[in-house]
Amino acid sequence: LVFDFSAKAKAQNPLTKQEARAIFEPLIKEAVEIQETIINDCGDFELLKDPVIVVNNEPYYPVKDDQLKTLNDVWDYVYTSYTKEAAERIFTDRLDPNGTVPRFLEKDGILYYKPGGHGHYMEYYFDTLEIIEQYEDTVVISVNYITFGDQEPQKSVYVISNSETAWKMCNSENEATYDLPKQFLKQ
């Protein structure tokens, strides 16, 4: 993953570090909740025991949630915190019913969920937030984090974009910790 901002205009009224943090902190929390629901089986909804369907020897359970009734509802949920491009890049393999590891399936008007996976532990030190680059509708941010077992904080890099409706995440945690530091941090 490489971001090209060569066609973007520098911000005329750049955000302060405090403004960037006020935007980023709740956004990353929402984005992580979405990512964990879809990738790591940390969904905050009830699963029913019946009717279970089995696909590729994997059980899928009906979702009981007023907001998530269809696969389109799940995509709408993802789009609340991610740009369309980022959402499709990050989640298509888990939300494509014909994919290799779908987390959700929709059959006969029922949304199903496949539990299983691992949990999540990543803690951010928001007071370490730094603005790396800033454009009219996009900000590149660095923030320190630790994961379970880390001894020292590491730097992550996030790209956030201001759409017509809200600030959105342009990358995943995985991309923020492995790919983007190579592009944006001088090492």
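Being a predicted model, the structure only gives us computed values, none of them experimental.
The structure places NZ of Lys114 at 12.0 Å from CD1 of Ile53, a figure rounded to the nearest 0.5 Å. Distance check, rounded to the nearest 0.5 Å: CD1 of Ile28 to CD of Gln35 gives 7.5 Å.
For Asn72, the side-chain contact (heavy atoms from CB on, under 4.5 Å) criterion is met by Thr70, not counting sequence neighbours. Listed by chain and number, the residues in a side-chain contact (heavy atoms from CB on, under 4.5 Å) with Glu164 amount to none (sequence neighbours excluded). By the salt bridge (charged side-chain N to carboxylate O under 4.0 Å, His left out) test, Lys17 is found to be paired with Glu130, residues two or more places apart in sequence or in another chain being considered. Taking Asp137 as the reference, Lys8 meet the salt bridge (charged side-chain N to carboxylate O under 4.0 Å, His left out) condition, with sequence neighbours excluded. Every salt bridge (charged side-chain N to carboxylate O under 4.0 Å, His left out) that Lys84 has, sequence neighbours left out, goes to Glu88. Arg94 pairs by the side chain to side chain donor-acceptor pair (under 3.5 Å) definition with nothing, not counting sequence neighbours.
Between Tyr77 and Gln67, every side-chain heavy-atom pair lies at or beyond the 4.5 Å cut-off. In this structure the side chain of Phe91 never reaches within 4.5 angstrom of the side chain of Val74, judged on heavy atoms. Inter-residue side-chain proximity for Gln134 and Leu15 is flagged as met; some heavy-atom pair is nearer than 4.5 Å. Residues Asn171 and Tyr158 are in side-chain contact: their nearest non-hydrogen atoms beyond the backbone lie under 4.5 Å apart.
Shown here is Glu85, whose CD atom has no more than 12 heavy atoms of other residues, nucleotides or ligands within 6.0 Å. In this structure, Lys49 places its NZ atom where only 12 or fewer heavy-atom neighbours from other residues, nucleotides or ligands lie under 6.0 Å away.
By the rule that hydrophobic residues join a cluster once side-chain heavy atoms approach within less than 4.5 Å of another member, Leu48 and Leu68 end up as members of separate clusters. In the hydrophobic cluster analysis, where Ile, Leu, Val, Met, Phe, Trp and Tyr join through side-chain heavy atoms closer than 4.5 angstrom, Tyr79 is grouped together with Ile34. Val32 and Ile160 end up in the same hydrophobic cluster when Ile, Leu, Val, Met, Phe, Trp and Tyr side chains are linked at under 4.5 Å. Note on Tyr82 and Tyr178: separate hydrophobic clusters, where clusters join Ile, Leu, Val, Met, Phe, Trp and Tyr whose side-chain heavy atoms are under 4.5 Å apart, directly or indirectly. Taken together through direct or relayed side-chain contacts under 4.5 Å among Ile, Leu, Val, Met, Phe, Trp and Tyr, Tyr113 and Tyr60 form parts of separate hydrophobic clusters.
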_Is there a salt bridge (charged side-chain N to carboxylate O under 4.0 Å, His left out) between Lys29 and Glu25? Walk through the geometry before answering._
CA-CA 6 Å; Lys29 289 176 182 176; Glu25 192 169 344; 3.5 Å; yes

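In this pair, Tyr124 and Tyr145 present their aromatic rings tilted. The plane angle is within the 30 to 60° band. Ring planes of Phe45 and Phe104: tilted class, angle from 30 to 60°.
Checking side-chain atoms of Ser156 against main-chain N and O of Val143 turns up a donor-acceptor pair under 3.5 Å. Side chain of Thr92 to backbone of Arg89: no donor-acceptor contact under 3.5 angstrom is found. In this structure, Asn56 contributes its side chain and Glu58 its backbone to no donor-acceptor pair below 3.5 Å. Gln12 places no side-chain N or O within donor-acceptor distance of the main-chain N or O of Glu136, the cut-off being under 3.5 Å.
Annotation for Lys107 and Tyr112: closest pair O-CE1, 3.8 Å, computed over non-hydrogen atoms.
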